[in-house]
Amino acid sequence: MKLMLSNNMWLLFIVLFLYSSSCTKINENRQWTQVAKGIWKYTDLNKEKTNLLDAANAIPLWPKLDAYAEVPFPLDQNLIKITRQNGKIYLRFPLEKDEQIYGLGLQFKQVNQRGHIFNLHVDHYGGADNGRTHAPVPFYVSSKGYGVLINSARYITVYVGTAVRLDSRDKPTVYNRNTDKDWQAQPMSDAVEVLIPAEEAEIIVFAAKSPLDVVRKYNLYNGGGCLPPKWGLGFTYRTHTLHTDTDVLEEVNEFEEHEFPLDFIGLEPGWMNMSYPCSYEWDSTRYPKPAEFVNALRKRNVRTNLWVNPYIAPKAKLYNQMLPYAGSHVVWNGIVPDYSLQEARKVFSDFFEKEQLNIGVSGLKIDEADGYDHWLWPDVATFPSGVDAEQMRQTYGLLLQDMISNEYHKRNIRTYGLVRASNAGASRFPFVIYNDYYNHEDFITALINSGFSGILWTPEVRSSASGEEWLRRMQTVCFSPMAMINAWSSGTKPWSYPEVFEAVKKVALLRMQLLPYIYTTFADYHYNGTPPIRPMPLVDGFVSKEKVTAGTLDDTENPYNLATRKDIKDQYMFGESILVAPVFTGQKLRTVILPKGKWYDFYNGDYVGENEIITVESRLDEIPLLVKDGGIIPMIPARLHVPVNGEKLPLEVRHYGALEGKYLLYDDDGETFDYENGYYSWTELSATNVPTGLAGKDKRMSGKIFNYTDIVWKFMTR
Ligand code: GAL
């Protein structure tokens, strides 16, 4: 019998054929290639020529990654769907019911991102966590111990467990809104879904035995964390934009008179003879002798940081040289250099070297590389390299950080600066993100979130409505990667609120005392990828499946259950041992969820609790700091500047609680990259049980003494 097809049936066949060829399932073979232990790449897709990790020049630290144990692929590969349709990539990764998702860059409102939608887009943060932010890093970490990185410089949309599919494997219950109180507008979704508006993208899965190790691996994959110079971890002040050289030196005098720490000072746009667009040339009326000025500061142990934005003014010396490498659009009438081109980098670097580096400028604050849309180049802009405007937007902050970092590296001098745009791959850059948003609570949430994404953030202090607010902000900024007052507009000084000045000074000096601890924290970031700011979900013993054994808690109050249910966005670990519980204006009491084990008050060593949620009194003069049992904290005497290379200082080593403890103290010259050639030291500080109680010991494992001698142990808990 002959098969007769009607015209309609032929049409149907053609439509079906066209549909199936436009929607390619790329993962038919489910190809994940292991590139290091616990790191896999999806082999059916490739990275685009312009992508985040290459823009950041990220080179994995393979030996460190190899030191990890083998782990199996963390997900059921059958549940990962990757398809390409109409020139876009559709990704789907499964989610378990009790799984939490963290990361996706610098977000300000919540830590647990499950249930949220992000269109990841470099921009000045506008007050809503919609994905437009300074560092919209397309990397997320799961509470189940794996992470997913999408190395694409596109505006990616991530639906973090928001949408329910018809073919969901774990369908939510259907409720009747008329009658069921359990009805939800957003029923539980069992997937993270991602739309990448491009044909290609690199997709990388990280797995490890804990979420903290996943973040470590991500940072190591990007080359490890940055190691700032010691002065970068001291205190910094940004002066009023129209200050002259004498005003700035007078400012330094005032810091000395008030015995307030100061390691570097930032000059805002007025140091240039033109800004917005920028000339990058010193203003000869305000700074007639820049070299002498920078040197005069340096003699007083104060480094210089200069504000810049990337857009070059027509009257600038650099303009004509850079013009061939400029994009199609101007920003504030300044040209936008295409820094994906080596030629453009060379033009800038040569100028920067001659005019700023050679006279001793220690770093930059790279402003305005992020947004806003109404000011920046539009997505229809073109660039001489052929890089899309969209990709340029997503990578511009990375390109700038890489270029400036290289300039300092070439000279064997470390820098530490500020930047307003960043992205995936940035871990090794010595730049801290900041912005103009200024909500204190949200600044702390951002600080916590920075710990998931290989970026650094400062909750900078500018001005305040009251002395109390000034103090509360100062207390938190001192427990962040950059202790900074940015007084470019308000001119506020640390002592502007006399009623709280002693307390403000106390916390700034405490920051200086903690330098050995903070520097070692950054060494752990550099060598091992451990984030200096540790969000609570990365803390061992915070999210625990075990039943609480000590304490009198019933299940409803079990802190670990609470930790998984609630979004903990107002407490974090600063380094390995200090739990910071910020206090906001008006708070008289606050609660702290203690991770497993016994905890102690940093200031007096008193026991504060175990396996419980404690309420702490928010004394005005102290930010609540708690130390875990066996915690060891090395400190130096309070001082106004960090120690210079070779300066010898006594070291007080504090021990908390009753447990034995071990701490590896790191040191090096604090200024150069000689550590890359093994010029550093590790000293093991250990407190062990002896018949009379605990005794402290130190043992140098490698290297020589740089700054610390005469170790004195202080057992804080008696
Ligand atoms: C802003 C920046 C501020 C300050 C100011 C100077 O864009 O966020 O921190 O530098 O420019 O004009």
Side-chain angles (χ1 to χ4, degrees), residues 106 108 122-127 132-135 232 235-244 247-248 251 264-283 286-287 303-313 316 330-334 336 356 361-377 393 396-397 400-401 404 415-422 431-440 442-443 446-447 450 455-464 473-474 477 480-493:
L106 197 71
F108 289 76
V122 171
D123 199 348
H124 195 285
Y125 180 70
R132 283 191 175 241
T133 181
H134 309 270
F235 198 86
T236 183
Y237 183 80
R238 303 199 71 83
T239 56
H240 193 277
T241 183
L242 290 180
H243 262 13
T244 63
D247 294 335
V248 176
E251 201 92 70
F264 64 110
I265 204 154
L267 308 189
E268 288 289 320
W271 72 270
M272 283 187 224
N273 58 21
M274 176 159 198
S275 68
Y276 291 64
C278 293
S279 65
Y280 303 121
E281 292 156 34
W282 291 85
D283 181 88
R286 286 186 285 275
Y287 297 89
R303 317 263 167 162
T304 312
N305 174 290
L306 298 179
W307 175 99
V308 294
N309 76 37
Y311 316 113
I312 303 175
V330 289
V331 177
W332 298 300
N333 296 316
V336 183
Q356 324 299 355
V361 169
S362 293
L364 295 182
K365 167 176 173 178
I366 309 171
D367 204 27
E368 305 289 359
D370 45 354
Y372 302 86
D373 280 4
H374 289 86
W375 302 345
L376 217 67
W377 67 83
R393 179 95 177 242
Y396 211 57
L400 286 156
Q401 291 178 82
I404 303 301
T415 183
Y416 199 47
L418 291 142
V419 71
R420 237 177 53 185
S422 198
F431 285 90
V432 182
I433 310 169
Y434 65 97
N435 76 2
D436 299 340
Y437 171 64
Y438 213 54
N439 176 300
H440 193 194
D442 291 355
F443 266 24
L447 180 65
S450 67
I455 47 176
L456 302 173
W457 161 258
T458 173
E460 66 167 49
V461 182
R462 291 187 167 189
S463 58
S464 290
R473 286 182 179 271
M474 285 292 293
V477 87
S480 84
M482 191 180 279
M484 172 169 78
I485 294 177
N486 179 11
W488 67 277
S489 136
S490 70
T492 321
K493 311 283 164 71

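When a residue number appears, it is its place in the shown sequence, counting from 1. This one's a predicted model, so the numbers in the text were calculated from it and none came from an experiment. All ligand and atom numbering here is 1-based and tracks the order in the structure.
Atoms NE2 and OH, from His134 and Tyr437 in turn, are 10.5 Å apart once rounded to the nearest 0.5 Å.
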Let me see the working for Tyr287 and Asn273 under side-chain hydrogen bond (donor to acceptor under 3.5 Å, both in side chains), right down to the final yes or no.
CA-CA 9 Å; Tyr287 297 89; Asn273 58 21; over 6 Å; no

Applying ring pair (Phe, Tyr, Trp, His ring centres under 6.0 Å) to Trp375 and Tyr311, what does each step give before you reach the verdict?
CA-CA 11 Å; Trp375 302 345; Tyr311 316 113; over 10 Å; no

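For the pair Arg286 and Asp247, the salt-bridge criterion is not met [side-chain N within less than 4.0 Å of a carboxylate O].
Between Tyr372 and Trp332, the ring center distance fails the sub-6.0 Å criterion.
Residue Thr458 is tested with Leu418, Leu447, Asn435 for a side-chain contact (heavy atoms from CB on, under 4.5 Å); the sole match is Leu418.
For ligand 1, the 4.0 Å heavy-atom shell takes in Glu268, Pro269, Tyr276, Trp307, Lys365, Asp367, Glu368, Arg420, Tyr434, Asp436, Arg462, Asn486, Trp488, ordered by chain and residue number.
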